[in-house]
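Single-structure report; data block below.
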Amino acid sequence: VDRDTILRQGQTSVAIENNHLILEARAGDQAAFGQLVAHYEVRVQRTARRILGDADEARDAAQEVFLRFYRSLKRFDQRRDPLPWLYRITVNVCRSLLRQRRRQPLARASELGGEGSAGMPATAPAQENGLVARALLEQALERLTPREREVVVLRDLEGRSLAEVARAARCLQGTVRSHLSRGRLKIIRYLEEQRGGDR
Amino acid sequence: MSCENFQEMLALQVSGDLPAAQARHLEKHLRDCRDCRDLEKRLRAGRRALIGLAAAEEAPASIRSEVLERVSAEPKLVTGLLPGWRTAGVAAAAVLVLALVLAQFLPVRTPAPLSADSAATADSPLETAMTAPDDAPDTGSLPPIEMTPPAAEFSPAADAVTAAVVKPVEPATAARPERPIVSEPASPPPPAESVVVKMLTDDPDVVIYMLVDKEGDQENA
């Protein structure tokens with residue numbers, strides 16, 4: 001049983017438990033909706049942050065995602081797992097924000113990764129290596145096109161299946177495969193360039 | 001095919017996202033190509049690093065209070081079905097009930113009276129129950145029939161009638177009145193068999209039960 005299967009099974013069982021929260025939220029119980037937010041907010045914020053490359057913007061985006069989710073509650077089938085729906089809204093909101101910006105996300109590895117390679121505190125070598133590796137990965141992700149970044153984030157970081165990624169990104173699975181393979185190859189090449197340059 | 005053509009395949013193969021036919025093709029190439037085997041290892045390491053990146057990330061600060069503040073400014077959600085949909089749902093249920101009842105009462109015109117054999121070879125038990133003349137012999141107990149609606153995706157799954165479950169019940173013992181357009185049965189008619197039709201609507205408070213026997217005598221609605 002691989003990681004993705006475990007993730008999906010766990011999330012599905014939690015989704016079943018959340019069914020009653022959706023019903024209560026739909027009936028006007030804001031505390032129930034608050035519990036739903038608490039359950040999914042980390043994944044929504046993390047995904048938005050990776051796609052947008054900006055923690056503050058991601059926070060605003062996540063709020064918008066949950067507001068749209070709330071508005072759609074009355075027509076949402078409570079028997080379904082809300083997570084794919086939330087990913088889909090997240091991708092839509094992020095695309096809107098990127099269009100508004102009309103620019104690619106800036107490389108903000110130091111912000112995203114906590115402490116990047118610059119301004120790193122004194123740490124043990126292993127931890128230092130880990131932080132540098134994380135910072136490089138952050139930079140590599142930010143050099144992808146928005147579409148490539150969406151699918152890499154959803155497939156590799158969030159562990160969604162190819163079909164789920166296609167639904168969230170509203171495209172065919174073949175298109176997801178193209179973006180995914182190009183994105184992964186770009187990441188590997190970038191990491192190798194950086195390591196080669198350091199030597 | 002050059003190694004460059006296999007690189008995109010490799011990038012998908014590391015997560016099992018490559019279609020099977022291409023995966024077999026790639027497998028053959030990997031046996032003979034050391035560079036591609038090396039790239040595969042690096043791609044796997046890169047993917048592991050990305051997965052680790054998500055796991056190592058600190059949880060962002062909660063946005064729950066901000067969301068709830070914005071939600072409280074929203075107009076209240078309409079619970080259940082919208083009025084129009086509710087009306088449509090009830091209307092659809094009423095039409096279904098009417099169709100079931102009429103199907104029992106309307107005369108069935110056939111070139112020749114159905115024989116016991118022809119009734120018994122109907123495609124489905126439901127079809128037998130709906131179309132066989134009153135004197136058709138009992139073809140056995142009617143098995144439960146479930147009519148499940150197609151799953152909807154992220155949409156109101158069932159705005160009107162969502163399911164109808166037909167269950168067999170004990171046969172009625174009362175004598176049935178004679179009906180026109182039937183031939184005399186070869187043997188005395190079997191006891192009537194009734195079914196309970198339960199119709200669920202999207203509104204959990206609205207459930208319609210109806211008891212109908214095969215001859216169309218609606219006993220309760």
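Given the structure is predicted, the values throughout are model-derived calculations rather than measurements. Proteins come first, then strands; the chains are lettered A, B, ... in the order of their sequence lines, and each starts at number 1.
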Interface moiety of B:A61 toward chain A, non-hydrogen atoms closer than 4.5 Å: both

Taking every non-hydrogen atom, the tightest pair across B:L12 and A:R184: CA-NH1, 3.9 Å

Student check: side-chain heavy atoms of B:L53 and A:D156 closer than 4.5 Å: no

4.5 Å side-chain heavy-atom contact, A:L67 and B:V67: no

Validation row: A:L180, B:D17 side chains within 4.5 angstrom (heavy atoms): yes

Student check: side-chain heavy atoms of B:P60 and A:R59 closer than 4.5 Å: no

CD on B:E74 to CZ on A:F33, rounded to 0.5 Å: 9.5 Å

Pairwise distance CE(B:M9) to CZ(A:R177) - rounded to 0.5 angstrom: 12.0 Å

A:Y190: ring pair (Phe, Tyr, Trp, His ring centres under 6.0 Å) partners, not counting sequence neighbours: none

Which portion of B:S72 sits near chain A, non-hydrogen atoms under 4.5 angstrom: both

Min side-chain heavy-atom separation B:Q7-A:S181 under 4.5 Å: no

Donor-acceptor contact below 3.5 Å, side chain B:R64 vs main chain A:V37: no

Options A:R182, A:R46, A:Q35, A:E41, ranked by heavy-atom pairs under 4.5 Å with chain B, top entry: A:E41

Which of B:E58, B:E8, B:Q13 touches chain A most, by non-hydrogen pairs under 4.5 Å: B:E8

Non-hydrogen side-chain atoms of A:E64 and B:R70 separated by less than 4.5 Å: yes

Side chain to side chain, A:L185 and B:L10, heavy atoms closer than 4.5 Å: no

Contact class of A:A25 relative to chain B, heavy atoms under 4.5 angstrom: backbone

Between CG on residue B:L39 and CD1 on residue A:I188, distance to nearest 0.5 Å: 7.5 Å

B:R37, CZ: over 12 other non-hydrogen atoms inside 6.0 angstrom: yes

Option in A:Q63, A:Q173, A:R71 with maximal non-hydrogen atom pairs under 4.5 Å from chain B: A:Q63

From B:L50 atom CG to A:L141 atom CG, the distance as rounded to the nearest 0.5 Å: 5.5 Å

Toward chain B, the part of A:V44 with a non-hydrogen atom under 4.5 Å: neither

Any donor-acceptor N/O pair, A:R50 side chain to B:A54 backbone, under 3.5 Å: no

Electrostatic pair B:E57-A:R134, nearest N-O below 4.0 angstrom: no

Best-contacting candidate, B:A59, B:A49, B:G16, B:S65, against chain A by heavy atom pairs under 4.5 angstrom: B:A49

